[in-house]
Every structure is written in structure tokens, then in C-alpha cells.
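Please read the structure below before turning to the comments.
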Amino acid sequence: MKFVIQRVTEAAVTIDNQIKGKIDKGFLVLIGVGKEDTKEIADKYIKKLLGLRIFEDENGKTNLSLADVDGQLLLISQFTLYANCKKGNRPSFVDAGAPAEAEALYDYIVEECRKVVPVVETGEFGAEMKVSLLNDGPFTIILDEAIL
């Protein structure tokens with residue numbers, strides 16, 4: 001599993017020229033599901049995501065979590081996080097999860113986050129999406145198996 005977390009002041013996802021999801025202050029999270037991923041692995045990523053203290057406190061220190069700032073989430077599935085570019089110039093995606101299993105885990109992540117975060121917006125699994133954001137910082141963190 002891979003999460004690319006961007007601290008944003010706003011973000012939106014558009015499908016067929018229609019806004020599907022839009023948030024204010026919070027995290028835009030690109031989610032890649034690998035072929036070996038499970039709900040147990042997803043739970044670790046969710047816990048880390050929701051516990052990250054990367055918002056500034058009154059002293060300018062990154063010390064506040066999403067909950068501390070009433071932050072919102074925009075969760076976007078992105079299998080291309082599993083691109084393997086070692087051979088040639090055309091990426092291979094053999095390590096990405098099969099669509100049905102990956103979609104089920106993505107949906108699980110969304111539902112678990114909604115149990116904790118009041119505003120959780122999404123894209124659409126497998127859709128052609130346009131994502132816009134105003135990265136705050138910029139501040140971007142990558143969670144993958146090397147971190148957890």
C-alpha cells in the first residue's frame with residue numbers, strides 16, 4: 001500500500017467536468033493498493049494518516065493533527081503509484097492490486113476514515129479524474145511499506 005499525503009488549503013476532483021469531491025483545509029491522499037495488501041495493512045496506514053501531526057500550531061511548529069484543525073479528507077485511488085520504471089520507458093503495473101480487490105480495499109479505507117473524520121470526499125475508483133489542489137507548505141508525505 002502507498003499513500004501520498006498532501007497538506008492542502010483546498011482540493012477538488014472532477015469527473016466529466018463535474019466536481020465529484022471538494023475539501024477545504026485537510027489532506028489530499030492518493031491511495032495505491034498493491035496486490036499483497038489486506039485490511040490489516042490498511043488499518044496501519046489509516047492510523048498513521050489520521051495521527052500525523054503536520055499542521056502548524058500557534059508557534060509555527062508542525063504539531064497538530066487533522067482532528068486538531070477540524071481538517072477534511074479527499075481520498076483518491078491511484079494505481080499508478082505502483083508504476084515500475086526499472087526496465088525501458090513504459091511503466092509496468094504488475095505490483096498494483098487487481099481492480100476488484102483494490103476497489104474493495106479503497107472502499108474500506110474510505111469507510112474507516114468516515115468513522116473518524118466528519119468530511120471525507122472521494123474520487124471514483126477507475127475513473128478518469130482531474131485533481132486540483134492548493135498544497136499548503138508545500139507539505140507532502142509518502143507512506144509506504146518502508147515507513148510502516
Side-chain angles (χ1 to χ4, degrees), residues 1-84 91 93 95-148:
M1 191 161 290
K2 297 180 183 193
F3 282 13
V4 176
I5 303 162
Q6 298 184 60
R7 186 180 75 185
V8 300
T9 55
E10 62 184 56
V13 60
T14 304
I15 302 170
D16 296 326
N17 295 318
Q18 298 289 327
I19 293 176
K20 168 78 167 103
K22 184 175 186 318
I23 65 166
D24 294 317
K25 185 176 190 171
F27 294 152
L28 165 65
V29 186
L30 305 175
I31 300 171
V33 176
K35 61 184 178 183
E36 304 294 324
D37 288 332
T38 63
K39 286 183 178 180
E40 292 75 23
I41 292 170
D43 288 338
K44 291 178 183 178
Y45 278 73
I46 294 165
K47 181 179 179 183
K48 182 64 80 172
L49 168 69
L50 299 179
L52 281 176
R53 298 183 327 175
I54 62 172
F55 290 97
E56 293 180 358
D57 63 17
E58 65 279 356
N59 298 315
K61 301 280 186 186
T62 52
N63 200 29
L64 301 176
S65 70
L66 195 65
D68 295 330
V69 299
D70 295 320
Q72 303 173 354
L73 288 173
L74 177 57
L75 305 177
I76 306 291
S77 64
Q78 189 168 1
F79 80 94
T80 60
L81 293 178
Y82 274 89
N84 183 329
F93 300 100
D95 292 329
E101 291 82 8
E103 183 173 12
L105 265 179
Y106 168 72
D107 290 342
Y108 173 79
I109 292 164
V110 170
E111 291 310 312
E112 290 301 302
C113 287
R114 284 187 170 144
K115 291 177 181 177
V116 180
V117 180
V119 177
V120 177
E121 296 286 327
T122 67
E124 183 179 313
F125 189 91
E128 182 73 25
M129 297 176 274
K130 305 294 183 200
V131 179
S132 61
L133 69 140
L134 187 55
N135 194 313
D136 183 19
F139 208 122
T140 303
I141 292 181
I142 300 172
L143 297 182
D144 62 16
E145 60 275 355
I147 295 175
L148 298 177

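Please read all numbers here as calculations on a predicted model, not as lab measurements.
- In this structure, Lys39 NZ and Glu112 CD are separated by 8.0 Å, a value rounded to the nearest 0.5 Å.
- Here the straight-line distance linking atom OH of Tyr45 with atom CD of Glu145 works out to 5.5 Å at 0.5 Å rounding.
- Aromatic ring centres of Phe27 and Phe55 lie closer together than 6.0 Å.
- Residues Leu50 and Leu73 are in side-chain contact: their nearest non-hydrogen atoms beyond the backbone lie under 4.5 Å apart.
- The structure places CD1 of Ile142 at 10.0 Å from CG of Leu30, a figure rounded to the nearest 0.5 Å.
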- Decide side-chain contact (heavy atoms from CB on, under 4.5 Å) for Lys20 and Ile76; before the verdict, give the C-alpha distance in whole Å, the side-chain angles of both, and the deciding distance to 0.1 Å. CA-CA 11 Å; Lys20 168 78 167 103; Ile76 306 291; over 6 Å; no
- Task: Apply side-chain contact (heavy atoms from CB on, under 4.5 Å) to Cys113 and Leu49, showing your working.
- Result: CA-CA 9 Å; Cys113 287; Leu49 168 69; 4.2 Å; yes
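- Residues satisfying the side-chain contact (heavy atoms from CB on, under 4.5 Å) test with Glu10, not counting sequence neighbours, are Leu134.
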- For Tyr106 and Thr122, run side-chain contact (heavy atoms from CB on, under 4.5 Å): C-alpha distance rounded to whole Å, both residues' side-chain angles, the deciding distance at 0.1 Å, then the answer. CA-CA 10 Å; Tyr106 168 72; Thr122 67; 3.3 Å; yes
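- Among residues two or more places apart in sequence or in another chain, the ring-ring contact (aromatic ring centres under 6.0 Å, His included) test is passed with Phe93 by Phe79.
- Between Gln72 and the choices Val119, Leu66, Val117, Leu28, the side-chain contact (heavy atoms from CB on, under 4.5 Å) rule is met once, by Val119.
- Put simply, the side chain of Asp37 gets close to the backbone of Met1: a donor and an acceptor are under 3.5 Å apart.
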- Steps toward salt bridge (charged side-chain N to carboxylate O under 4.0 Å, His left out) verdict (Asp144, Lys2): CA-CA 5 Å; Asp144 62 16; Lys2 297 180 183 193; 5.6 Å; no
- Task: Check the pair Thr62 / Arg7 against side-chain contact (heavy atoms from CB on, under 4.5 Å), numbers first and verdict last.
- Result: CA-CA 11 Å; Thr62 52; Arg7 186 180 75 185; 4.1 Å; yes
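- Here Ile19 pairs with Thr14, Lys22 under the side-chain contact (heavy atoms from CB on, under 4.5 Å) rule; sequence neighbours left out.
- Results of the side-chain contact (heavy atoms from CB on, under 4.5 Å) test with Val69 over Asp57, Ile54, Leu64 single out Leu64 as the only residue that passes.
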